[in-house]
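These figures come from a predicted structure and were not determined experimentally.
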Amino acid sequence: MKITITIFTLVAALFSQLSFAKARIPIPYGTADKIIKMVDLPDQEEFQLEDGRYFDIGSYYTINHIVWLAYSSSEPQIVGYVEDSDEYLVFTPEELKQIAEIANVEIPAEAEVSFMHSVGGKIILGIIGLFVIHGIYSSYFSKDQEEEKQHDSAETA
């Protein structure tokens, strides 16, 4: 009888551990492609795609993120930005010069990355990390101080 109860207890403990292991909180992480608009081109026939949409000049880069906060990004490149779409057009430097002349706009020499993707995500992740470290530190060392206070009060009583 004791062996049956022991085996049943071990099996129940094993299955409860498996169910707890599945109940983890998912933390979103990975990579994502981003395109931001840099220069708004006029809606002219020269800047119209075959499907009727117009393109502008944008910056394309890839970010690595955790909890939707970017901690690194790839080198940005200047591309044709199609609004409300993940599509982009790749241009040579000569084509970019022609586009700038036709549209009478100035296209930056270097592509840019948005503030939140270059610096902002790192700052927020750093602050969250400091809170976590502070929480671990204070919970670990506050127990030692409480035990000392209880030990001191027990000696004085």
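- The hydrophobic clustering, which links ILVMFWY residues whose side-chain heavy atoms are closer than 4.5 Å, places I128 and I66 together.
- For N64, the side-chain hydrogen bond (donor to acceptor under 3.5 Å, both in side chains) partners two or more places apart in sequence, or in a different chain, are S72.
- Cluster membership for V132 and L130, using ILVMFWY side-chain heavy atoms within less than 4.5 angstrom, is not shared.
- Expressed to the nearest 0.5 Å, how far CD of E46 lies from CD of Q48 amounts to 10.0 Å.
- Taking CD1 of I136 as the reference point, atom CZ of F141 lies at 11.5 Å (rounded to 0.5 Å).
- Under the 4.5 Å side-chain contact rule for hydrophobic residues, I123 and F131 share a cluster.
- When side chains are defined from C-beta on, K34 does not count as touching S73, because their heavy atoms never get closer than 4.5 Å.
- Side-chain contact between Y60 and S74 is absent, with no heavy-atom pair separated by less than 4.5 Å.
- Remark: of the listed residues Q77, H117, E75, H117 is the sole one forming a side-chain hydrogen bond (donor to acceptor under 3.5 Å, both in side chains) with Y61.
- Under a 4.5 Å side-chain heavy-atom cut-off, the cluster of Ile, Leu, Val, Met, Phe, Trp and Tyr residues that includes V105 is completed by M38, V39, L41, F47, L49, F55, I57, I78, V82, L89, F91, L96, I99, I102, I107.
- Of all non-hydrogen atoms in P76 and V113, the two that sit nearest each other are CG-CG2, 3.7 Å.
- I133 and L125 fall into different hydrophobic clusters, where Ile, Leu, Val, Met, Phe, Trp and Tyr residues are linked whenever their side-chain heavy atoms come under 4.5 Å apart, directly or through other members.
- Other residues, nucleotides and ligands place more than 12 heavy atoms under 6.0 Å from the NZ atom of K37.
- Within a 6.0 Å radius of CD in Q44, more than 12 heavy atoms belonging to other residues, nucleotides or ligands are found.
- The minimum heavy-atom distance between E112 and I36, with the atom names listed, is O-CD1, 3.8 Å.
- At least one donor-acceptor pair under 3.5 Å links the side chain of K122 to the backbone N or O of S118.
- Cluster membership check: V67 shares its hydrophobic cluster with I124, using side-chain heavy-atom separations under 4.5 Å among Ile, Leu, Val, Met, Phe, Trp and Tyr.
- Grouping Ile, Leu, Val, Met, Phe, Trp and Tyr by side-chain contacts under 4.5 Å, direct or through others, leaves Y54 on its own.
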